[in-house]
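The basis for the numbers below is simple: all heavy atoms, side chains too, and nothing from hydrogens, waters or symmetry mates.
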Protein chains: 2
Amino acid sequence: MDSTAKPKSAAQARADFIEKTGVIVQSEGLPRIAGRVLALLLYDGERVSFGQLAEALQVSRGSISSSVRLLETQQLIKRVAEPGDRQDYFQIAPSAFPNLIEASVLRMRRAAADIEETLGEIPVTEAGSRQRVAEFVRYYHAMTEAMTETAQHLRRRP
Amino acid sequence: MDSTAKPKSAAQARADFIEKTGVIVQSEGLPRIAGRVLALLLYDGERVSFGQLAEALQVSRGSISSSVRLLETQQLIKRVAEPGDRQDYFQIAPSAFPNLIEASVLRMRRAAADIEETLGEIPVTEAGSRQRVAEFVRYYHAMTEAMTETAQHLRRRP
DNA sequence: CAATGTGTTCAGTTGATATTGAACAACATT
DNA sequence: AATGTTGTTCAATATCAACTGAACACATTG
C-alpha cells in the first residue's frame, strides 16, 4: 500500500463512505441502516427523496421509515417538502454533529439520574460504597458538561 | 412516591445498583454481565473472588471468565492474588472511570482515522462532500480532545 | 369511482452476540 | 496415582434488536 491518498472515482468514494459510516454507527449502538442514511445525506448535502433512499441503499421502505424517524427525533436530519412532489424529502440537519452530541448527553443524564436515585437509597453507614457510587455520578456530570461544551463549540464554528 | 430519598436495606440498595448498572452498561453496547460484575466490584470496593462473582450474580463460570477478561483489557478492574488462596481475586481499578473514557476515546480515534482515509479518496471536484465529511472528522477530533481532558480532570480529582 | 403512489405499522424472520455448560489443562491436595 | 479446584475454551443455545414485507390508511390522479 502507498502512504499517499489515492482518489478513486466519486461514486466509489461515496459508496465507501456510506458503508464505512454504517458500521461505525452500528458499533455506537445505532441501527446500521440509520447510519447509512445519515452518511448518504451528509455526503450528498442536498435533498433526497424517501424512495431514492430505499433504492440507493437497497433496503425496504419499512426500514427507511423507522430510520428517518429515529434520525429526525435526534435532529440529525430534517424532513422537507419538494413543491409539486408528493414524496417526502430529507436532508442533513444544519448542525447535525452538535445535535448528535446533545442526544448522547440526554441519554447520559437519564443514566446519571438513575444512579443518583440509587445513591439516595444506600444507608449512610455504607460510607465507602456511597463514595464510590458518587464517583460514578461525578463521572457522568463531568462527561455531560464536557460534551455540552463541545457541542456549543462546534455550533459556533460549523 | 415521596420526593425525599428513602434508604432501603443495604443489601437491597446493593442489588438495585448492580441490576441498574447492568442495564445501563448493556445500553452502552457492552455485555450485561460485565456491567453487573463492574457494579458489584465498584460497590464493594474490596477484593472479590472468581467463585464469589459467579455465585453472587448467579451466572456460569464461563460468563465470569469472559466478562473479567473484557473488563481487564479496558483496565476497569484488576486481577489480584490473595496469599494462600488458589482463586483469582478481582477489584475495581484505581481510576476506572478515566480508563473507561480512554477506551472510548481509542474507539473514536480509530473511527476518525477510518473516515479520514475515505476523505482522501474523495475527488477534489467534490468540494461540498469533502467539506461535509471533513466536518465529520472535526467532530471526532473535538470529542476525543474533550474526553481526554475530562479523563485527566477526573484522574486529578479521583 | 378505480387505480396508483406514498409512508407507517406490525407480525414474522433473520442475524449477531451474549450466555451456558461440558470438556479440558493446570495445579494442589490426599 | 486419584481426586478435587480453578479458570479457559468452544460448540450449542438463548436472546434481542434490526430488518423485511405485506397489510393498511391516506392522498392524488385519471
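In this structure, the CZ atom of Phe90(A) is 11 Å from the C1' atom of dT6(C), given to the nearest Å. When the P atom of dG7(D) is taken as reference, atom CD of Glu72(B) falls 12 Å away, rounded to whole Å. The CD-P distance, from Gln26(A) to dA18(D), rounds to 9 Å in whole Å. Separating the CD atom of Glu28(B) from the P atom of dT17(C) is a distance of 17 Å, rounded to the nearest angstrom. Following rounding to the nearest Å, Leu70(A) (CG) and dA17(D) (C1') show an atom-to-atom distance of 13 Å. In this structure, the CG atom of Asp88(B) is 8 Å from the C1' atom of dT6(D), given to the nearest Å. Between the P atom of dC19(D) and the CG atom of Leu57(A) lies a distance of 11 Å, rounded to the nearest Å. In this entry the distance linking CG of Leu71(B) with P of dA18(C) reads 12 Å, nearest Å.
For Glu82(B), the CD atom counts as densely surrounded, since its 6.0 Å shell holds more than 12 non-hydrogen atoms of other residues, nucleotides or ligands.
Between the side chain of Arg86(A) and the base of dT6(C), no donor-acceptor pair of N or O atoms lies under 3.5 Å.
Within the nucleic acid shown, Ile64(A) has no heavy atom closer than 4.0 Å to any nucleic acid atom.
Using a 4.5 Å cut-off on side-chain heavy atoms (C-beta onward), Asn99(A) and Arg155(A) make contact. Taking 4.5 Å as the limit, some side-chain heavy atom of Ile24(A) sits within range of a side-chain heavy atom of Ile115(B). Side-chain contact check for Pro31(A) versus Leu70(A): some heavy-atom pair is nearer than 4.5 Å.
Of the candidate nucleotides dG7(D), dT20(C), dT20(D), dT20(C) has the atom lying nearest to any side-chain atom of Val59(B). Closest approach to the Arg69(A) side chain among dG7(D), dT9(C), dT20(D) is made by dT9(C) (side chain taken as heavy atoms from C-beta onward). Of the listed nucleotides (dG7(D), dT20(C), dC19(D)), dG7(D) has the atom at the smallest distance from the side chain of Phe50(B). Here dG7(D) is the nucleotide among dG7(D), dT9(C), dT19(C) with the atom lying nearest to any side-chain atom of Gln87(B).
Comparing Tyr89(A) and Leu30(B) along DNA chain C, the residue whose closest nucleotide (by nearest heavy atom) sits nearer the 5' end is Tyr89(A).
In this structure, Asp44(B) pairs ionically with Arg14(B), as a charged nitrogen and a carboxylate oxygen lie closer than 4.0 Å.
Within the 4.0 Å cut-off from OP1 or OP2 of dT19(C), not a single side-chain nitrogen or oxygen of Ser60(B) is found. OP1 and OP2 of dC10(D) both lie 4.0 Å or more from every side-chain N or O belonging to Arg61(B). OP1 and OP2 of dA18(C) both lie 4.0 Å or more from every side-chain N or O belonging to Arg36(B).
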